[in-house]
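Below: one structure, written as structure tokens.
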Amino acid sequence: MSVFPPVRRDRIIGQLPQCFRKDAALHTKEEFNNKVKTACQEQRTGTVGLKISKVIVVGDLAVGKTCLINRFCKDAFDKNYKATIGVDFEMERFEVLGVPFSLQLWDTAGQERFKCIASTYYRGAQIVIIAFDLTNVASLGHVRQWLEDALKENDPTAVQLFLVGTKKDLSSPAQYSQIERDALRLAQEISAEFWAMSSLTGENVKEFFFRVAALAFEANVLAELEKSGSRQIGEVVRINSTSNSLYATSKKKELNCCR
Ligand SMILES: Nc1nc2c(ncn2[C@@H]2O[C@H](COP(=O)(O)OP(=O)(O)OP(=O)(O)O)[C@@H](O)[C@H]2O)c(=O)[nH]1
Ligand SMILES: [Mg+2]
């Protein structure tokens, strides 16, 4: 008998959720990797079903990190700002291609005075989400610093990186297209997948977290297959080695500067 509660019906992922922008994506494939699909069908996903992948959400104070997590996990939105003190976390259980998969979402403090507490929780992250406010250019300017801090505690080559613009409901179309241009350029430079969303309206929030869960799951299954000597089903698989992976060759080089 499973010790976990059943997965919610609205957390079931049967198809690969698509990226937001093809020019700033971790990969642009339309479907899950074939080796992953086969492994799931044949129930050869090893320990992935028992794993909990750690996700950290970082970024300037008041950019909307807590609201983002609350919109997805609780379908709630609070217009009053309450600073996160240190960290907080939520667990989210998914079923991906029939296999249970969990994300532990760590909501961290953006305020300078709480940063040193929060940064002690960065370690062991598989996914780093850097949030900035689409109506605040300075918050986009601080993204590289957040990246550097997050990667100090983690293996840059193992981390999947997302750059998320928040508060889309507050930006005018002209303001949005200007900041999106800069954000796309930065996302490409740091090998991150770019998304824009609103926690107030919920626009793109569920799509984004489904994409995060799916890509984290895919990477975990590929790693598991590699670990268990996947020669039975073909040659050894390397994560990020497909031609569709936009950042396959640039990732290591780019991220070394942030160590
Ligand atoms: N209009 C609008 N307001 C938002 C949105 N997301 C967050 N806010 C508001 O922005 C303020 C800050 O949101 P938080 O989620 O608390 O920000 P935070 O990044 O967690 O801040 P720290 O915990 O201090 O790092 C709050 O007043 C929210 O209501 C959004 O999508 N649209
Ligand atoms: Mg917060």
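When a ligand or atom number is given, it counts from 1 through the structure's own listing order.
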*Gln41 CD to Asn34 CG distance, which is reported to the nearest 0.5 Å*: 9.5 Å

*Does an N or O from Lys168, backbone or side chain, lie closer than 3.5 Å to an N or O of ligand 1?*
no

*Using 4.0 Å as the upper bound for N to carboxylate O, is an ion pair formed by Glu189 and Arg144?*
yes

_Can you confirm, on distance only, whether ligand 1 has an N/O atom lying under 3.5 Å from any N/O atom belonging to Met197?_
no

*List the steps, then state whether side-chain hydrogen bond (donor to acceptor under 3.5 Å, both in side chains) holds for Gln178 with Asp182.*
CA-CA 7 Å; Gln178 197 172 353; Asp182 295 341; 5.8 Å; no

*N/O of Thr84 under 3.5 Å from N/O of ligand 1, yes or no?*
yes

*Is the NZ or CZ atom of Lys51 both under 6.0 Å from the centre of the six-membered ring of Phe101 and within 45° of that ring's axis?*
no

*asked:* For Arg11, is there an ion pair with Glu95 - N to carboxylate O distance below 4.0 angstrom?
replied: no

*Using the ring of each side chain (for Trp, its six-membered ring), is Phe94 parallel, tilted or perpendicular to Phe72, with breaks at 30° and 60°?*
parallel

*Going by distance only, is there an N or O of Ala62 that falls short of 3.5 Å from an N or O of ligand 1?*
yes

*Show which atoms of ligand 1 fall inside a sub-4.0 Å distance from at least one heavy-atom site of Ser198.*
31 (O)

*At what distance, to the nearest 0.5 angstrom, does SG of Cys40 lie from CZ of Phe217?*
3.5 Å

*Taking atom 16 (O) of ligand 1 as the reference point, the nearest protein heavy atom with its distance*: Tyr81 CD1, 3.4 Å

*What is the nearest protein non-hydrogen atom to atom 32 (N) of ligand 1, stated with its residue, atom name and distance?*
Asp169 OD1, 2.7 Å

_Students should be able to answer this: which protein heavy-atom is nearest to atom 10 (O) of ligand 1, and at what distance?_
Lys167 NZ, 3.1 Å

*Nitrogen or oxygen atoms of Gly110 and ligand 1 under 3.5 Å apart*: yes

*Does a side-chain N-to-carboxylate-O contact under 4.0 Å join Lys206 and Asp10?*
no

*So, is Asp107 polar-close to ligand 1, with some N/O to N/O distance under 3.5 Å?*
no

_Test: Arg21 and Glu193 ion pair at under 4.0 Å_ = no

*Quick one: do the Asp60 and Trp146 side chains pair a donor with an acceptor below 3.5 Å?*
yes

*Are any of the N/O atoms in Ala83 less than 3.5 Å from those in ligand 1?*
no

*If we ignore angles and hydrogens, is there a donor and acceptor under 3.5 Å between the side chains of Thr66 and Asp107?*
yes

_Any nitrogen or oxygen of Phe77 lying under 3.5 Å from a nitrogen or oxygen in ligand 1? Just yes or no._
no

*asked:* Which of the numbered atoms in ligand 1 are under 4.0 angstrom from any heavy atom belonging to Lys79?
replied: 26 (C), 27 (O), 29 (O)

_Distance filter under 4.0 Å to Asn80 heavy atoms, resulting ligand 1 atoms_ = 27 (O)

*What does the angle at the Mg ion (ligand 2) come to, between atom OG1 of Thr84 and atom OG1 of Thr66, rounded to 10°?*
90°

*Examine Thr166 against ligand 1 and note whether any of their N/O atoms are separated by less than 3.5 Å.*
no

*Note the single closest protein heavy atom to atom 29 (O) of ligand 1, along with its residue, its atom name and the distance in Å.*
Asp78 O, 2.7 Å

